[in-house]
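Note that the structure is a prediction, hence the values are computed from the model and not measured.
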Amino acid sequence: MSESLPTVPVKSSAALPVDPLPVRPAPPTVACLPNGELPLAAGRSTLPAYAFGSPYALQVASRITQCPPPPPDLREPSPSHFVYGLTLPSAGATPLIASETADAVLDVHGVEDELVGPALELVHELAIHACRFTGAGEMIHLVLRRFDGVLQVVAHDTHTPHLNSRLARQCAERRRVSLTGARELAEGWGGECGFAAAHPPATGVCTWASIGAGLTDASGPGGVQEGAA
């Protein structure tokens, strides 16, 4: 059964903050912007971690092509390191399909039971969010990855950042409202949530949310190491 995508209310322009979505590359730094979002990185060496979930290859092409090509990774699935990408249409059934697919990935990799529920909820929330900012007939791209104990969901939509400052502020506010549930879930599990203009050659906007940073053997959102942010 397909599900409808809830609409996002918009605040009046007078109540909007002054920090629009970044649309141009920022200086080479990984410091967060005042609104908690990461700026664009200037080069590959300083790309934020979420950018490597891009639907485009962000690796420098080798001058020599090996033939026959090297074999695939034949190691047993690891619960601590993996990355999967999924391209889906912007449609009502997409969040459910994305969640079901992610459930299979987490099951095959044997991810901890306490993380499965919140991870699937993040996939569902970010799929809905990406569909809100991607028109019918266009595709969203989702990435589910695990690295250094952090489980991250990345969503690419096709809504290009606005150059007009007023429209940029309004659109950024729509995105923040749309991400309320995902942000609360991520922060409750010791993670983070944010968005930024997609790194070239990708277009549109990249949104990410993570959980699991600093988790010990706890089984709930309170299970973060003492002193963790």
Side-chain angles (χ1 to χ4, degrees), residues 1-3 5-6 36-38 48-55 73 75-134 139-157 175-176 178-196 205-225 228-229:
M1 178 185 297
S2 63
E3 55 180 278
L5 301 176
E37 293 142 18
L38 294 178
Y50 73 84
F52 292 97
S54 169
D73 186 351
R75 293 172 295 181
E76 289 295 319
S78 168
S80 58
H81 291 86
F82 58 81
V83 57
Y84 287 84
L86 187 63
T87 301
L88 294 165
S90 177
T94 288
L96 177 60
I97 294 172
S99 298
E100 293 289 339
T101 303
D103 191 20
V105 170
L106 299 178
D107 181 56
V108 168
H109 282 269
V111 171
E112 303 92 307
D113 290 342
E114 62 268 22
L115 289 182
V116 172
L120 294 180
E121 189 173 347
L122 274 187
V123 170
H124 191 266
E125 286 287 330
L126 289 193
I128 290 176
H129 174 79
C131 287
R132 284 177 178 144
F133 291 89
T134 301
M139 309 294 282
I140 68 168
H141 185 78
L142 299 173
V143 174
L144 177 64
R145 63 196 300 257
R146 185 93 184 267
F147 64 99
D148 295 337
V150 178
L151 199 153
Q152 185 185 66
V153 182
V154 182
H156 289 260
D157 62 66
R175 288 182 178 276
R176 280 188 285 272
S178 176
L179 288 170
T180 299
R183 188 184 300 275
E184 291 176 352
L185 177 62
E187 292 177 351
W189 281 85
E192 61 179 5
C193 179
F195 58 88
V205 170
C206 172
T207 303
W208 66 93
S210 62
I211 59 174
L215 288 180
T216 54
D217 293 329
S219 58
V224 295
Q225 294 177 351

Identify all side-chain donor-acceptor contacts of residues 97-106 below 3.5 Å with residues at least two apart in sequence or on another chain.
unit_1: S99; atom_1: OG; unit_2: P95; atom_2: O; d: 2.9
unit_1: T101; atom_1: OG1; unit_2: I97; atom_2: O; d: 2.9

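Remark: A209 pairs with L122, L126, A186, C193 by the side chain to side chain contact (heavy atoms under 4.5 Å, CB included) rule, at least two apart or across chains. In this structure D107 satisfies the side chain to side chain contact (heavy atoms under 4.5 Å, CB included) test with no other residue, sequence neighbours excluded.
Side-chain contact between V143 and V83 is present, with heavy atoms from C-beta onward closer than 4.5 Å. Taking the side chain as every heavy atom from C-beta outward, R145 and F147 approach each other to under 4.5 Å. Side-chain atoms of L115 and R146, non-hydrogen and from C-beta on, do get closer than 4.5 Å to each other. Looking at F195 and L179, their side chains come closer than 4.5 Å, going by heavy atoms from C-beta outward. For the pair L144 and F82, the minimum side-chain heavy-atom distance is below 4.5 Å. H109 is listed as a side-chain neighbour of Y84, based on a closest heavy-atom distance under 4.5 Å. In this structure, R175 and V205 have side chains that are in contact, with non-hydrogen atoms separated by less than 4.5 Å.
Between atom CD of residue E114 and atom CD1 of residue I211 there is a gap of 9.5 Å, rounded to the nearest 0.5 Å. The CZ atom of R132 sits 12.0 Å away from the CG atom of D157 when rounded to the nearest 0.5 Å. If you take CD1 on I140 and CD1 on I128, they are separated by 10.0 Å, rounding to the nearest 0.5 Å. The distance from atom CD of E192 to atom CH2 of W208, rounded to the nearest 0.5 Å, is 7.0 Å.
No donor-acceptor distance shorter than 3.5 angstrom exists from the side chain of S178 to the backbone of H129, with no hydrogens or angles considered. The backbone N or O of V150 sits nowhere less than 3.5 Å from a side-chain atom of D148 that would complete a donor-acceptor pair.
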Legend entry - Residues L151, S210; criterion side-chain contact (heavy atoms from CB on, under 4.5 Å); working and verdict: CA-CA 6 Å; L151 199 153; S210 62; over 6 Å; no

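The pair R183-E125 fails the salt-bridge criterion, with no side-chain N (NZ, NE, NH1 or NH2) lying under 4.0 Å from an Asp/Glu carboxylate O.
Taking both residues in full, the closest heavy atoms of A130 and A155 are given as CB-CB, 4.1 Å, listed atom of the first, atom of the second, then distance.
The side chain to side chain contact (heavy atoms under 4.5 Å, CB included) with H141 is formed by just one residue from the set T134, T87, L86, L88; it is T87.
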